[in-house]
Amino acid sequence: MHRWKRTFGWWVVLALFATLLAACGGAGGGGGASSEPIKVGAIFDLTGATADVGTPYSRGQIAFIEWKNEQGGIKGRRLQLISEDYAYQVPRAEELYTKFVTQDKVLVFSGWGTGDTEALRPKITEDKIPFISASYSATLANPAETPYNFLVAPTYSDQLIIAMKWAIDDWKAKGNSGLPKFAYLINDSPFGRSPLADGTAFANSQGIATPLEVPSPRGATDLTPQLTQIRDYGANYIFLQNVSSPAALAIKNAKSLGYNVQFVCLNWCANEILIKQAGADAEGVVGVVPFNYEAEGAKVALEYARKKNIDYGGADSTFVQGWTAMSILIAGIEKVVNDGKELTGENIKNALETMGEIDTKGVTLPVKFSPTDHAGVKSTRMFRVENGKWVAITDFISAR
């Protein structure tokens, strides 16, 4: 009698344990059965050399996670963002990445700079962590070399070639003879130099002389010496591969010099921050703007920011850029869950490569990855600052 009671007691304990294990989804994490949060890692530049655009971008990413959780997460599973400021320091990025992956067990990662993303490539591949960065370096787009990196905008190389195509057409449209002269005023970093070789190869293929390359010293408060060098070279177009604050400084310094040159910003200075900082001197600046903050798909992001009183410094396009990039990363996770597969880096990678076009509702052209190409967008439009606002001046242009 007593032996039967003891045996029955053990069966009750085992049954309760099995029930609790099932409620927690077990140790698996496959499909939507688990109640454990889905962990997403991210590094942001909030205090470093690119914090002017890093801050609104980060707020867009954080806002998307909060919004998605308010919509019920992914089949009832909440998203947990594990993030930290790395101050644009490559060693700190490597340290945080290792911590988030090994200790916090994040499934996917949202990165930031070119230098740190390129430095992390071997680890990303080894760890099988799907990684969407705010860097659009062309070296990250080939899955044969970087199988877990995905780009959600035209590469910096494509952006520069598209900008050069526009400049050549603009030169001719203004009735000029011969060929224009180009110069680069760049962030003195892997980010700044990323597209130059491809841009120069394109310029040379059009018969244009190799553009003058001039780095912008980090923390500079006066770029007059650099602009004087470019003016003496005789450049008609200056391509700015930099963030907003130094780009605005260059534009204002050029005006002070009386140097009438056409500035052309790539992605990270073609935003509202540049207009705010350069003021009236920003009029006429041309830029590559891959993320359209006036599109239907941007309304949800901007309305949510207004509803929650999120301060992103009025940088609508940069906030939307962060929101959109995170939404695409999460789309891969959602596809795996909806397909009832185990949530692993490899499955998320395969989902992103095979899910077809991801509709951003006009923020970008549809984003599409494949097993042989992780550059999700190939075309973008050119914009010009007119009456204090970026206005589209071309249809979509492809670099290819």
Side-chain angles (χ1 to χ4, degrees), residues 24-44 57-58 60-83 97 100-112 117 120 123-125 127-134 140 143 146-153 297 300-301 304 321-361 363-364 366-371 374 376-377:
C24 292
S34 176
S35 62
E36 291 295 309
I38 299 169
K39 295 181 179 181
V40 178
I43 54 171
F44 302 130
Y57 182 91
S58 73
Q61 298 232 303
I62 293 165
F64 177 80
I65 295 291
E66 292 174 350
W67 173 84
K68 187 68 175 175
N69 282 333
E70 289 181 12
Q71 304 303 305
I74 298 177
K75 280 199 170 180
R77 291 185 65 178
R78 292 182 61 78
L79 298 165
Q80 180 182 356
L81 183 64
I82 299 171
S83 64
Y97 170 85
F100 293 169
V101 171
T102 60
Q103 295 181 31
D104 297 305
K105 306 297 183 185
V106 300
L107 273 172
V108 296
F109 210 100
S110 177
W112 177 248
T117 303
L120 285 168
K123 284 292 293 174
I124 294 165
T125 301
D127 297 332
K128 298 182 178 180
I129 299 293
F131 199 106
I132 287 181
S133 176
L140 304 171
T146 54
Y148 284 83
N149 290 82
F150 294 84
L151 279 67
V152 300
V300 173
Y304 184 80
Q321 185 169 351
W323 174 291
T324 303
M326 183 61 77
S327 74
I328 292 167
L329 188 57
I330 299 307
I333 296 175
E334 195 157 24
K335 179 73 163 60
V336 173
V337 171
N338 289 339
D339 289 347
K341 295 181 179 178
E342 184 180 4
L343 269 179
T344 66
E346 192 167 10
N347 282 342
I348 296 166
K349 167 187 173 290
N350 291 338
L352 286 167
E353 289 177 338
T354 59
M355 65 193 300
E357 292 186 345
I358 302 171
D359 183 10
T360 63
K361 298 191 183 322
V363 175
T364 66
V367 178
K368 185 178 181 180
F369 306 113
S370 78
H374 284 186
V377 182

*Asks:* Quick one: pull up CD1 in I129 and CZ in F100 and give me the separation to the nearest 0.5 Å.
*Replies:* 12.5 Å

*Asks:* Counting distance only, does the side-chain N/O of N347 pair as donor-acceptor with the main-chain N or O of L343 below 3.5 Å?
*Replies:*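 It does not hold such a pair.
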
*Asks:* Please name the pair of heavy atoms, one in I330 and one in L79, separated by the smallest distance, quoted to 0.1 Å.
*Replies:*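 Heavy atoms only, the tightest pair is CG2-CD1, 4.0 Å.
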
*Asks:* With side chains defined as the heavy atoms from C-beta onward, is the minimum distance between M326 and L81 less than 4.5 Å?
*Replies:*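 Yes, close enough: below the 4.5 Å cut-off.
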
*Asks:* Whether the side chain of K39 engages the backbone of D104 through a donor-acceptor N/O pair (distance < 3.5 Å, no angle test) should be reported.
*Replies:* yes

*Asks:* How long is the span from the CG atom in L329 to the CG atom in L352, to the nearest 0.5 Å?
*Replies:* 7.0 Å

*Asks:* Looking at every heavy atom in both G111 and I43, which two are closest together, and how far apart are they?
*Replies:* CA-CG1, 4.1 Å

*Asks:* How about NZ on K68, more than 12 heavy atoms from neighbouring residues, nucleotides or ligands closer than 6.0 Å, or not?
*Replies:* yes

*Asks:* Could E36 and K105 be called an ion pair, given the rule that one side-chain N must be under 4.0 Å from one carboxylate O?
*Replies:* no

*Asks:* Once rounded to the nearest 0.5 Å, what's the spacing between atom NZ of K335 and atom CD1 of I74?
*Replies:*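 Interatomic distance, K335 NZ to I74 CD1, rounded to 0.5 Å: 13.0 Å.
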
*Asks:* Check the pair F131 / Y148 against ring pair (Phe, Tyr, Trp, His ring centres under 6.0 Å), numbers first and verdict last.
*Replies:* CA-CA 6 Å; F131 199 106; Y148 284 83; over 10 Å; no

*Asks:* To check you understand the geometry: which heavy-atom pair defines the closest contact between K75 and V337, and what is its length?
*Replies:* CD-CG1, 3.8 Å

*Asks:* Which atom names give the shortest non-hydrogen contact between Q80 and P37, and what distance separates them?
*Replies:*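 Closest approach of Q80 to P37: OE1-CG, 3.4 Å.
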
*Asks:* Taking the side chain as every heavy atom from C-beta outward, state whether V40 and V106 have any pair of such atoms under 4.5 Å apart.
*Replies:*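 Side-chain contact under 4.5 Å: no.
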
*Asks:* Check whether any side-chain heavy atom of T364 lies under 4.5 Å from a side-chain heavy atom of V152, and answer yes or no.
*Replies:*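 No, their side chains stay 4.5 Å or more apart.
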
*Asks:* Mind checking the OH-CH2 spacing from Y304 to W67? Nearest 0.5 Å is all I need.
*Replies:* 9.5 Å

*Asks:* Of the non-hydrogen atoms in G332 and A351, which two are nearest, and what is the gap between them?
*Replies:* O-CB, 3.7 Å

*Asks:* Would you say the side-chain atoms of S110 pair up with the backbone N or O of A42, donor to acceptor, closer than 3.5 Å?
*Replies:*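 Answer holds: no.
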
*Asks:* Between CD1 of I333 and CD1 of I328, what distance do you get to the nearest 0.5 Å?
*Replies:*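 Interatomic distance, I333 CD1 to I328 CD1, rounded to 0.5 Å: 13.0 Å.
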
*Asks:* Locate the shortest heavy-atom distance separating V363 from G297; write the atom from each residue and the value.
*Replies:*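 What the structure gives for the nearest pair is CG2-C, 3.6 Å.
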
*Asks:* Donor-acceptor pair, H374 side chain versus P143 backbone, under 3.5 Å?
*Replies:* no

*Asks:* Please state whether the rings of F109 and Y97 are parallel, tilted or perpendicular, taking 30° and 60° as the class boundaries.
*Replies:*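 Because their plane-to-plane angle lies in the 30° to 60° range, the rings of F109 and Y97 count as tilted.
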
*Asks:* Give the intermediate values and the outcome of side chain to side chain contact (heavy atoms under 4.5 Å, CB included) for residues F369 and M355.
*Replies:* CA-CA 8 Å; F369 306 113; M355 65 193 300; over 6 Å; no

*Asks:* Does any non-hydrogen side-chain atom of V367 lie less than 4.5 Å from one of T360?
*Replies:* yes

*Asks:* How long is the span from the NZ atom in K368 to the CD1 atom in I358, to the nearest 0.5 Å?
*Replies:* 11.0 Å

